[in-house]
Amino acid sequence: MPEENQQLKERKTLDEREQMSELERLRHSCAHVMATAILRLWPDAQFAYGPPVENGFYYDVELDHRISPEDFEAIEAEMKKEIKANNVFEKLVVTRDQAIADAKSGRLGGLSERPDNESKFKLDLLDQIPEGEPISYYRNGDFVDLCAGPHVMRTGNIKAFKLTSVASAYYKGDENNPQLQRIYGTAFKNKTELEAYFTMLEEAKKRDHRKLGAEMGLYTIDAEYTGPGMPLWLPKGTAIVEELEKLAKETEFAAGYVRVRTPHLAKEKMYRTSGHLPYYADSMFPPMTLDELAAKRSELVEKKRHLWEHCWASGAVEALKLTSAHLEALNPSQELQLLERRINTPEVEVSSEQMGCLQELRDVARELFQMPLAESYYLKAMNCPHHHRIFAAEPRSYRDLPLRLAEYGCCYRYEQSGELFGLMRVRSLNMNDAHIYCTEEQFAEEFRAVNDMYLKYFRIFGLEKYVMRFSTHSKEGLGKKYVDEPELWLKTEDMVRRVLQESGINYVEVANEAAFYGPKIDVQVWSAIGREFTIATNQVDFAVPAKFGLQYKDRDNSFKTPLCIHRAPLGTHERFIGFLIEHYAGNFPLWLAPEQVRVLTIGEDEALIAYAKGILNELRGHQVRAEADFSHDPIKAKVAEAEKARVHTMLAIGPRDMENGNVSVRLHGKGHQGAKPKGEVVSDIVAAIRERRA
RNA sequence: GCCAGUGUAGCUCAGUGGUAGAGCAACGGUUUCGUAAACCGUAGGUCGUCGGUUCGACCCCGACCACUGGCUCCA
């Protein structure tokens with residue numbers, strides 16, 4: 001099934017291919033033109049896949065020469081020649097035998113036949129084309145490629161294109177396959193659209209959370225001392241973190257959640273029991289092994305080895321009728337038992353010297369056996385097992401359910417080094433986590449309530465576009481990728497599907513991407529500039545509570561295992577704030593702004609400063625994050641600095657304001673709002689924060 | 001983890017096989033001013049780290065680290 005899915009994704013049906021938009025045709029055609037150009041420069045190149053993608057196209061190529069952006073100019077120049085030649089994209093339908101012969105001659109994905117350089121990827125692709133499906137080539141000039149099309153009419157139709165980047169990719173996405181160079185480019189109907197696209201990219205760059213995060217002093221990543229992927233939250237960033245926590249705590253409290261706190265570490269047994277270790281050990285930090293007796297232990301092991309040797313030499317072991325093969329198979333407990341038994345069996349005849357040696361050996365073996373074992377602790381990569389143990393901490397009745405345990409717990413995941421990305425992919429993460437334990441009857445309602453909470457958050461943050469990706473299991477993965485409970489899977493997935501349908505949530509179903517313990521829902525949202533983010537996840541767990549033996553006593557006095565819903569609507573602080581930075585372009589609404597208000601004085605009159613301080617203190621008394629700028633700079637400079645720092649509200653105070661009991665208000669990015677009575681301004685600010693106004 | 005690219009002051013960037021430069025920020029002073037930047041001065045860098053080549057390396061070479069673009073992964 002995984003392979004099948006992969007292929008479905010890569011190999012569109014002919015019908016689907018006919019659906020290609022005009023822009024996709026153009027881009028796919030541009031990929032052929034790029035291949036043509038690359039072959040002019042490096043005739044040995046072997047091509048694999050070259051599809052259009054969301055923002056352009058790519059072509060995967062195998063080539064000894066490492067293509068770098070410095071080569072783009074030359075490739076683009078060759079592409080321009082091919083475009084200027086205005087060759088027709090000509091479709092040729094061939095027989096399978098013909099295609100195989102052409103691939104073997106190196107003709108497919110080439111400018112001519114290439115003896116000793118067969119079109120190996122094309123041969124493999126041919127193999128995947130189902131019997132009976134027509135096989136076609138597309139030819140432009142000398143370049144002939146195995147391709148189902150469709151294409152634009154002529155190479156000259158490509159009016160605006162640009163190569164953008166080079167990356168590597170495994171053939172068919174499988175790391176066991178050869179690694180190919182993937183050359184990315186994009187193409188548009190005309191130059192204006194191409195330029196608009198690059199302008200949009202520039203915009204996105206300006207909103208990049210890494211750039212804004214540094215500029216605004218929200219967080220820093222100290223790879224040298226703290227470690228890569230482990231952000232340090234600076235005071236300004238912490239202000240945002242804590243606002244989000246406050247929002248989550250208030251929302252969850254109102255929805256009947258209770259809060260818990262759990263340690264960052266747990267013994268190996270925790271993750272053995274939960275079943276996470278076999279699946280995720282690689283993405284956890286390696287365990288810390290606590291063994292205070294390590295030195296003593298190795299000393300005893302050494303001593304025991306010597307004693308065994310001595311016993312062998314003295315013949316004591318033969319007297320016990322033991323072979324070395326026999327001994328090697330023993331574990332410490334068996335070893336000890338065996339020694340005890342033989343020593344205490346009267347009919348075994350050994351000399352007193354031999355007996356002394358055996359007894360000494362037995363004593364060492366016993367001491368070793370009785371020593372406490374080393375303990376391994378893992379940094380927690382998820383909160384669920386800890387919460388399960390809280391569930392297990394006391395007897396539970398059906399009257400206690402649903403039990404909703406919430407925690408803003410810090411987890412640690414050993415993400416692959418190449419995977420780290422600003423705040424979006426980190427190794428230390430704070431999750432807005434909660435686990436809801438409920439009965440099967442309660443499940444639908446609980447699940448619906450969780451979804452409602454997501455929608456509520458979307459409104460607060462002004463997220464208009466979202467989709468919930470509902471991931472289900474595959475039969476083939478049962479017992480491998482997924483716990484082997486076919487009926488429970490189907491039943492639970494049905495429940496989830498029904499709730500999604502009934503509550504009119506926008507969702508898509510994706511096969512084969514569930515968590516190992518149950519179906520999951522990933523929440524995708526789109527930022528203000530239309531970039532997609534997966535911010536949250538919501539999972540059903542029908543397996544792990546049973547592994548921990550979690551039970552509640554039902555009405556009929558029988559014990560039952562609860563269902564568990566894992567949910568994290570705000571995902572991790574890290575990713576969510578990274579998303580918000582881009583979404584708001586760093587211009588946070590008042591309630592989230594790190595610096596909500598800055599009081600700016602005009603002039604340095606003592607009475608004026610005192611008046612300004614009064615306002616500052618009043619705001620702080622209301623828990624408003626307010627700062628002051630009483631420096632010597634002219635007001636123009638103070639305003640410029642505050643605007644640059646993205647302070648939400650600037651209160652300028654000069655002699656005129658003081659005389660009238662006013663302050664003059666300026667909003668970041670919105671300019672001067674005029675002077676208003678002091679009290680009115682303060683209560684407005686406080687109300688806007690309380691209501692979390694956009 | 002894999003492939004490729006990048007690494008000069010807190011930030012944005014110049015620069016050269018022969019002792020490192022600018023603007024902004026910082027600090028000190030002058031300026032007393034009404035909504036995006038008054039003026040003068042001072043200080044700030046083992047040019048990512050470690051090795052190699054060289055009379056001499058920030059520059060050339062190698063390894064490592066980090067970041068970036070992808071791939072793979074994502075409880």
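In what follows, every chain begins at residue 1, and chains take the letters A, B, ... in the order their sequences are listed.
If you look at A/Tyr49 and A/Tyr59, their ring centroids are not closer than 6.0 Å.
Considering only the side chain of A/Leu420, B/C67 comes nearest among B/U32, B/A37, B/C67. Here B/C67 is the nucleotide among B/C67, B/G69, B/A38 with the atom lying nearest to any side-chain atom of A/Pro228. The A/Met284 side chain lies nearest to B/A75 when the options are B/C71, B/A75, B/G1. Each of B/A37, B/A75, B/U35 was ranked by its minimum atom distance to the side chain of A/Ala640; first place goes to B/A37. When each of B/U35, B/C71, B/A75 is scored by its nearest atom to the side-chain atoms of A/Lys520, the top-ranked nucleotide is B/A75. The side chain of A/Ala223 lies closest to B/A66 when the candidates are B/A66, B/A37, B/A75. Counting only heavy atoms from C-beta on, A/Ala169 has its side chain closest to B/C71 among B/G34, B/C71, B/A75. The nucleotide whose nearest atom lies closest to any side-chain atom of A/Tyr280 is, among B/A75, B/G34, B/C71, B/A75. Residue A/Glu643 places its side chain closer to B/A36 than to any other of B/A75, B/G69, B/A36.
When the P atom is compared between B/U19 and B/C24, the two are found 28 Å apart, to the nearest whole Å. B/G51 and B/A38: their P atoms are spaced 49 Å apart (whole Å). Of the P atoms belonging to B/C59 and B/G7, the separation is 12 Å, rounded to the nearest Å. B/U53 and B/C58: their C1' atoms are spaced 16 Å apart (whole Å). One P atom belongs to B/G34, the other to B/U49, and the distance between them is 48 Å to the nearest Å. The separation of B/G44 from B/A57, taken at their P atoms, amounts to 24 Å, rounded to a whole angstrom. Between the P atoms of B/G5 and B/A63, the separation comes to 12 Å (whole Å). B/C60 sits 15 Å from B/C47 when the C1' atoms are compared, rounded to a whole Å.
Contacts of A/Gly422 with the nucleic acid, taken as non-hydrogen atoms under 4.0 Å apart, involve only primed sugar atoms and P, OP1 or OP2. A/Ile635 comes within 4.0 angstrom of the backbone, heavy atoms only, and of no base. Contact annotation for A/Ser664: base contact, defined as any heavy-atom pair under 4.0 Å involving a base atom. In this structure, A/Asp657 reaches the bases: a heavy-atom distance under 4.0 Å links it to at least one base atom across the strands shown. Backbone-only contact: A/Ala515 has heavy atoms under 4.0 Å from sugar-phosphate atoms and none from a base. No contact: A/Glu224 has no heavy atom under 4.0 Å from any strand.
A cation-pi arrangement is not found for A/Arg27 relative to A/Phe57, the charged atom failing to lie both closer than 6.0 Å to the ring centre and inside a 45° cone about the ring normal. With A/Tyr414 as the aromatic partner, A/Arg427 meets the cation-pi criteria of under 6.0 angstrom to the ring centre and within 45 degrees of the ring axis.
One finds a side-chain N or O of A/Arg210 lying less than 4.0 angstrom from the OP1 or OP2 phosphate oxygen of B/G69. Using a 4.0 Å cut-off, no side-chain N or O of A/Lys638 falls inside it from OP1 or OP2 of B/A37. In this structure, A/Arg182 does not reach the B/G69 phosphate: none of its side-chain N or O atoms is under 4.0 Å from OP1 or OP2.
Judged by atom type and distance alone, A/Ser283 reaches the base of B/A75 through a side-chain donor-acceptor pair under 3.5 Å.
A straight line from NE2 of A/His209 to C1' of B/C67 spans 12 Å, rounded to a whole angstrom. Rounded to whole Å, the distance from CD1 on A/Ile602 to P on B/A36 is 11 Å. The CD-C1' distance, from A/Glu62 to B/C71, rounds to 16 Å in whole Å. Spacing between atom CZ of A/Phe516 and atom P of B/C73 amounts to 18 Å, rounded to whole angstrom units. As a whole-Å value, the separation of A/Lys211 NZ from B/G69 C1' is 18 Å. Taking atom NZ of residue A/Lys670 and atom P of nucleotide B/A36, one finds them 17 Å apart after rounding to whole Å. Rounded to whole angstrom, the span from the CZ atom of A/Phe542 across to the C1' atom of B/A75 amounts to 14 Å. The distance between atom CE of A/Met230 and atom P of B/C67, rounded to the nearest whole Å, is 11 Å.
A donor and an acceptor atom, one from each side chain of A/His473 and A/Glu493, are located under 3.5 Å apart. Using a 3.5 Å distance cut-off with no hydrogens or angles, the side chains of A/Tyr611 and A/Asp657 do not pair a donor with an acceptor. Side-chain atoms of A/His566 and A/His435 form a donor-acceptor pair, as typed in the model, at a separation below 3.5 Å. A donor and an acceptor atom, one from each side chain of A/Gln596 and A/Thr649, are nowhere located under 3.5 Å apart.
Residue-to-nucleotide proximity on RNA chain B shows that, of A/Arg425 and A/Ile221, the 5′-proximal contact is made by A/Ile221.
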Exercise. Step by step, would you call A/Trp526 with A/Tyr466 a ring pair (Phe, Tyr, Trp, His ring centres under 6.0 Å)?
Worked result: CA-CA 6 Å; A/Trp526 277 260; A/Tyr466 76 91; 8.8 Å; no
Exercise. Do A/Arg469 and A/Glu509 pass the salt bridge (Lys or Arg N to Asp or Glu O under 4.0 Å) test, and can you show the C-alpha distance, the side-chain angles, and the key distance before you say yes or no?
Worked result: CA-CA 6 Å; A/Arg469 286 169 59 93; A/Glu509 198 163 325; over 6 Å; no
For this session: Kindly determine whether A/Tyr437 and A/His388 satisfy ring pair (Phe, Tyr, Trp, His ring centres under 6.0 Å), including the steps that lead there.
Result: CA-CA 9 Å; A/Tyr437 300 88; A/His388 293 340; 5.6 Å; yes
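For A/Arg567 (side chain) and A/Asn432 (main-chain N/O), a donor-acceptor pair under 3.5 Å exists by modelled atom type. For the pair A/His387 (side chain) and A/Ala434 (backbone), a donor-acceptor distance under 3.5 Å is absent.
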Strictly under 3.5 Å: I want the nitrogen or oxygen pairs between protein and nucleotides 2-7 of chain B, one per line.
unit_1, atom_1, unit_2, atom_2, d
B/C2, O2', A/Gln179, OE1, 2.3
B/C2, O2', A/Gln179, NE2, 2.8
B/C2, O2, A/Gln179, NE2, 3.3
B/C3, O4', A/Gln179, OE1, 3.3

Between the protein and nucleotides 22-30 of chain B, list the N/O to N/O atom pairs that are separated by less than 3.5 angstrom.
none

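With a 6.0 Å radius and a threshold of 12 heavy atoms from other residues, nucleotides or ligands, A/Lys162 has its NZ atom at or below the threshold.
Closest approach of A/Ala48 to A/Leu125, counting heavy atoms only: O-CD1, 3.9 Å.
With rounding to the nearest 0.5 angstrom, the OG1 atom of A/Thr537 is 9.0 Å from the CE atom of A/Met431.
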For this session: Fill in the dot-bracket string of RNA chain B, one character per base: . for unpaired, | for a pair to another strand, ( ) or [ ] for pairs within the strand, taking Watson-Crick or G-U pairs under 3.5 Å.
Result: (((((((..((((....[..)))).(((((.......))))).....(((((..]....))))))))))))....
